[in-house]
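Throughout, protein chains are lettered first and strands after them, A, B, ... in sequence-line order, and every chain is numbered starting at 1.
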Amino acid sequence: MNWDDSMPMVSIKDVHKAFGDLEVLKGVSMDIKKGEVVCIIGPSGSGKSTLIRCINALNDIQQGSILVEGQEVNDPHLNKLELRKKVGMVFQQYNLFPHKTALENVMMAPIRVLKQSKAEVEKTARALIKKVRLDGKEDSYPGELSGGQQQRVAIARSLAMNPDVMLFDEVTAALDPETVGEVLLTIKDLAEEGMTCILVTHEMNFAREVADHIYFTDRGVIVEHGSPTTFFDEAKDPRTKEFLSQIL
Amino acid sequence: MESFFDWFRILYDNTGINLPFLYDSYDRARMWNGFLMTIKLSVVALFFSVIIGIIGAWLQNSPLKWTRRIVNGYIQIFRNTPPLVQLYFFYFAIGALLPKVSNGYGGEVPILGGFAWAAISLSFFAGAFNVEIFRSGMEAVPKSMTEAAEALGFSRLQIYKDITLPLAFRVVLPALNNNLVNLVKTTTLAYAIAVPEMLYESNQIWSDNVNVTEMMIFLLLAYFFLVGVLVWGMNRWERSLKIPGFGT
């Protein structure tokens with residue numbers, strides 16, 4: 001499939017996903033262009049996390065289409081490795097490998113998956129750790145780092161694969177309030193460098209500040225979307241208004 | 001050294017406590033060879049039983065139904081039958097079916113001797129338990145951890161080798177320790193097919209010298225010492241694998 005970066009980087013069309021009898025996504029569509037930062041917000045259980053997990057095929061979908069740089073994800077013969085080289089993901093619980101140091105965590109995937117040379121990878125990895133402001137912590141094990149520090153290692157680990165899109169699944173939800181800021185700052189840096197980012201988040205102020213586009217989901221559908229200003233100040237749907245009145 | 005050995009001859013003359021494997025050079029050589037044979041059989045069976053455990057646990061998670069069934073069948077057969085019966089089965093039933101080879105003196109000998117059958121039989125016996133031990137450890141590794149590796153593009157085998165197995169290994173070491181202790185003690189069954197290990201050689205010595213009591217006390221102490229060395233080594237290994245900040 002021919003794809004060039006004037007087309008949407010991620011194109012989601014009429015996606016349906018059910019876990020058994022529970023329908024979680026009931027026809028979701030959205031387009032994300034290169035360099036865009038998109039925030040998905042909504043009440044818990046509305047399908048936000050499921051949606052972004054579908055983008056890198058951690059969850060499969062029953063119906064619809066997800067194109068990542070023109071590659072169809074809803075395909076039984078999907079080349080998952082190709083997809084995952086393009087899409088990086090950061091999780092709520094960081095999920096660092098506890099038996100590897102911060103530096104080794106960042107280095108592992110490029111060495112094992114991309115078969116890059118160790119010396120080269122180490123150089124990039126050290127630069128990435130510096131970029132997430134963790135220089136000096138290279139040799140610490142995840143268990144010796146705070147939640148915020150672990151999450152920043154996880155971001156560096158994802159970036160080491162040099163992805164085109166980054167997915168952030170409620171990455172600050174498990175953090176102490178005082179470490180949330182440092183993680184958001186790291187993501188903001190990335191966004192400003194032009195990385196395409198899709199975030200599921202409950203940090204409304206952050207979404208307002210960095211997002212190009214905000215989607216509000218409820219019960220498996222997109223209820224409303226728009227730029228941060230129109231979304232936060234001129235929400236039309238009663239469900240959006242109710243949600244915003246509860247959290248703002 | 002010679003005077004040390006002679007002291008036991010004097011001990012025998014004066015007290016009747018008969019330890020010919022110390023003062024008699026012929027019995028000494030028999031005992032020593034038996035001791036080495038026990039160690040050799042233990043090391044070979046330990047090694048292969050752990051390998052069987054690691055590979056079996058991997059195959060147990062295979063997407064292929066028949067692979068899983070075969071592994072489970074293997075576990076049931078070897079766990080639910082007595083090891084002595086297994087050993088006889090291998091030595092007498094399977095051994096009889098295999099071709100014989102010339103021994104170079106005009107006679108014919110079985111292609112596999114007692115030692116080989118004991119090593120094979122004990123490896124499969126302990127391996128069946130090891131598969132279950134490793135499986136329990138793999139189940140203790142959070143799914144989110146393997147998901148993170150999947151999102152980085154790791155293949156199933158890479159995830160097992162680099163993440164699941166190293167983490168599972170640390171969890172299962174105490175259980176593995178137990179099984180390996182049992183395995184070392186079970187090597188005495190090789191006596192039944194005339195493998196000249198420590199129990200077999202002791203039997204030879206007490207038949208010649210009629211000193212059953214002394215030999216029994218010695219055997220208990222010798223195995224106590226042997227297993228003690230194994231346990232000590234395993235405990236040291238367990239400590240050296242401890243990850244800073246991980247677990248308790």
Whether over 12 other heavy atoms sit under 6.0 Å from B:Phe89 CZ: no
Considering all heavy atoms, the nearest A:Met161-B:Leu152 contact: CE-O, 3.2 Å
Closest non-hydrogen atom pair, B:Ala151 against A:Asn56: CB-ND2, 3.7 Å
Residue A:Leu167 versus chain B: region with a heavy atom under 4.5 Å: neither
Full working for side chain to side chain contact (heavy atoms under 4.5 Å, CB included) between A:Met89 and B:Glu147: CA-CA 10 Å; A:Met89 182 156 186; B:Glu147 244 171 19; over 6 Å; no
Enclosure of A:Lys100 NZ (heavy-atom neighbours >12, cutoff 6.0 Å): yes
Other residues, nucleotides, ligands: >12 heavy atoms within 6.0 Å of A:Glu120 CD: no
Within-4.5 Å side-chain heavy-atom neighbours: B:Ser155 and A:Arg112: no
Side chain, backbone, both or neither of A:Phe97 within contact of chain B (heavy atoms, under 4.5 Å): both
Within 6.0 angstrom of B:Tyr74 OH, more than 12 heavy atoms from elsewhere: yes
B:Phe124 atom CZ: more than 12 heavy-atom contacts under 6.0 Å: no
Contacting region of A:Arg157 [heavy-atom separation from chain B under 4.5 Å]: both
Atom CZ of B:Phe225: over 12 foreign heavy atoms under 6.0 Å: no
Residues in residues 157-194 of chain B that sit under 4.5 Å from chain A, counting heavy atoms only: B:Gln158, B:Asp162, B:Ile163, B:Pro166, B:Leu167, B:Arg170
A:Val90 versus chain B, the contacting section by heavy-atom distance below 4.5 Å: neither
Residue pairs fulfilling side-chain hydrogen bond (donor to acceptor under 3.5 Å, both in side chains) with at least one residue in residues 82-95 of chain A, sequence neighbours excluded: A:Gln71-A:Lys86, A:Glu82-A:Lys85, A:Asn95-B:Ser144
